[in-house]
Protein chains: 2
Amino acid sequence: MKQIPIPSRRRLVTLSQILQQLKKNGARVTSSEISALTGWSDATIRRDISLLCVHSGRSNGYEVAALREAIAAALDIRAGNGGKRCCIVGLGPLGSSLLSGTAFSGSAFSLAAAFDTSMNRIELLDSDIPLYLTTELKTVIPAKEITLAVLCVPDQIAQEMADRLVSFGIRGIVNYTNTILSVPDGVTVENANVVTALTRIVGASGSSL
Amino acid sequence: MKQIPIPSRRRLVTLSQILQQLKKNGARVTSSEISALTGWSDATIRRDISLLCVHSGRSNGYEVAALREAIAAALDIRAGNGGKRCCIVGLGPLGSSLLSGTAFSGSAFSLAAAFDTSMNRIELLDSDIPLYLTTELKTVIPAKEITLAVLCVPDQIAQEMADRLVSFGIRGIVNYTNTILSVPDGVTVENANVVTALTRIVGASGSSL
DNA sequence: GTCTGTGAAGAGGTTCACAGCC
DNA sequence: GGCTGTGAACCTCTTCACAGAC
């Protein structure tokens with residue numbers, strides 16, 4: 001398959017989400033409409049979409065549902081099969097807030113397990129998701145073919161836990177801790193904690209907010 | 001001041017965090033050590049640092065503390081004055097998990113207020129941070145000179161709430177909802193919810209995790 | 001010798017501008 | 001008229017490679 005540049009991939013991910021929340025599912029959407037919504041130039045949007053090799057939109061805008069499907073197919077983020085399996089590691093207030101609620105519903109991911117070091121905490125939580133002690137990471141991750149983890153442990157043990165996760169087969173980590181993780185090639189980390197997000201906002205914009 | 005490219009800014013933000021967690025505070029660090037930790041090329045690291053115009057590291061590596069200070073100064077993310085003021089909007093499980101705990105401690109940001117629509121919820125929460133009804137956004141945000149918000153409300157009201165926040169003076173939003181927000185020029189959004197983060201991992205890497 | 005700092009070359013992404021289609 | 005798709009130009013960021021500092 002054609003190689004899609006990473007900036008384009010990221011925009012397409014966002015675009016896919018935007019198309020989902022556009023309530024006009026039967027209708028069509030044009031590159032300039034998307035441009036108004038996102039701030040990206042219309043040329044960039046057309047280029048991104050053309051990389052998908054669908055050509056469904058000649059002179060008439062893109063059909064919303066078809067475009068969404070094409071993006072999902074190209075980026076391998078279709079919701080089929082219950083989606084890619086992931087797990088939560090660390091069930092403090094933040095971790096357990098992702099257990100309940102609708103954090104994963106309707107997405108291309110399914111929550112297959114959650115882990116904590118404390119049996120106490122596990123017994124207190126009431127959840128549809130199976131909960132385990134972290135001692136069971138080694139068996140549960142391969143058994144359930146989990147490849148993605150959401151890390152919500154205390155900062156001090158974040159690197160150590162990341163190392164363990166990687167050694168058991170995890171290939172992608174959403175990092176909600178304040179620790180910058182060091183991982184081998186082939187493993188992807190996405191930092192999503194508040195301070196990092198805030199710092200990116202301030203650091204990215206010309207500053208002085 | 002010289003213009004620092006956005007990719008460099010983002011790396012410098014991360015680098016600053018890495019330097020903080022390097023326990024050798026008096027010591028020096030070289031570009032190749034940083035390269036090993038991050039995976040970025042040593043040339044890129046030297047170029048990034050040279051954009052700061054400090055030149056403190058001729059032939060001997062960089063002094064850790066000085067480098068950290070230089071990055072913080074250039075990106076305007078120094079912790080001084082208690083840091084930039086931000087607020088949490090929406091005190092469900094996720095929002096309230098950021099209230100307690102150490103989410104902001106030691107960062108360049110301070111939590112100046114938190115908001116929810118439900119007086120019930122506000123009264124139940126025990127927090128050092130002042131809590132308000134969202135009807136008070138209009139007065140509290142300008143009064144406390146808050147420029148950053150962490151959005152944790154239900155998806156359905158996220159856009160509407162973002163519009164209100166922007167109109168009251170918020171210039172940066174950390175978005176923990178699953179809604180892609182549309183904001184005017186000059187306002188920065190950083191999406192940090194689980195599904196977006198997971199999708200980025202899958203979409204960014206060559207796929208098939 | 002080791003390391004930084006930086007012109008110059010190279011790679012990668014974005015935008016322009018227009019042909020082609022409806 | 002309005003819209004997509006795309007070669008070509010443009011621009012931005014990265015890497016090379018080496019002079020200069022220690």
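Quick note on labels: first sequence line is chain A, next is B, and so on, each numbered from 1. The analysis underlying the following values was restricted to heavy atoms, covering all of them including side chains, and did not include hydrogens, waters or symmetry mates.
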Can you measure A:I45 atom CD1 to C:dG13 atom C1' for me and round it to whole angstrom units? 15 Å
In whole angstroms, the gap separating C1' of C:dT14 from CH2 of A:W40 amounts to 14 Å
Could you tell me how far apart A:R28 (CZ) and D:dG2 (C1') are, to the nearest whole angstrom? 13 Å
Taking for each residue the nucleotide of DNA chain C with the nearest heavy atom, is it B:H55 or A:R46 whose nucleotide lies nearer the 5' end? B:H55
What is the separation between atom CG on B:D48 and atom C1' on D:dC13, rounded to the nearest whole Å? 10 Å
Spacing of A:I4 atom CD1 relative to C:dG13 atom C1', expressed in whole Å: 14 Å
For D:dT14, take OP1 and OP2 only and decide whether either is under 4.0 Å from a side-chain N or O of B:R11. yes
Does the base of D:dG7 carry an N or O that pairs as donor and acceptor with the side chain of A:R47 under 3.5 Å? yes
Specify the residue among B:Y62 and A:P5 whose closest nucleotide of DNA chain C lies further upstream toward the 5′ end. B:Y62
Value in whole Å for how far the P atom of D:dC3 lies from CG of A:D42: 10 Å
Please determine if a side-chain N or O atom of B:T44 lies less than 4.0 Å away from the OP1 or OP2 oxygen of D:dT15. yes
Check salt bridge (Lys or Arg N to Asp or Glu O under 4.0 Å) between B:D42 and all other residues, then give those that pass, not counting sequence neighbours. B:R46
N-O pairing of A:R10 and A:E190 below 4.0 Å: yes
All side chain to side chain donor-acceptor pair (under 3.5 Å) counterparts of A:S32, not counting sequence neighbours: A:T30
Take the protein atom CG of A:L52 and the nucleotide atom P of D:dT6, then report the distance between them rounded to whole Å. 12 Å
For B:T199 and B:T196, test the side chains for any donor-to-acceptor distance below 3.5 angstrom and give the result as yes or no. no
In whole angstroms, how far is the P atom of D:dG5 from the CD1 atom of A:I34? 11 Å
Would you indicate, yes or no, if D:dT4 has its OP1 or OP2 atom less than 4.0 angstrom from a side-chain nitrogen or oxygen of A:S31? yes
Counting only heavy atoms not in A:K144 (residues, nucleotides, ligands), do more than 12 fall under 6.0 Å from its NZ? yes
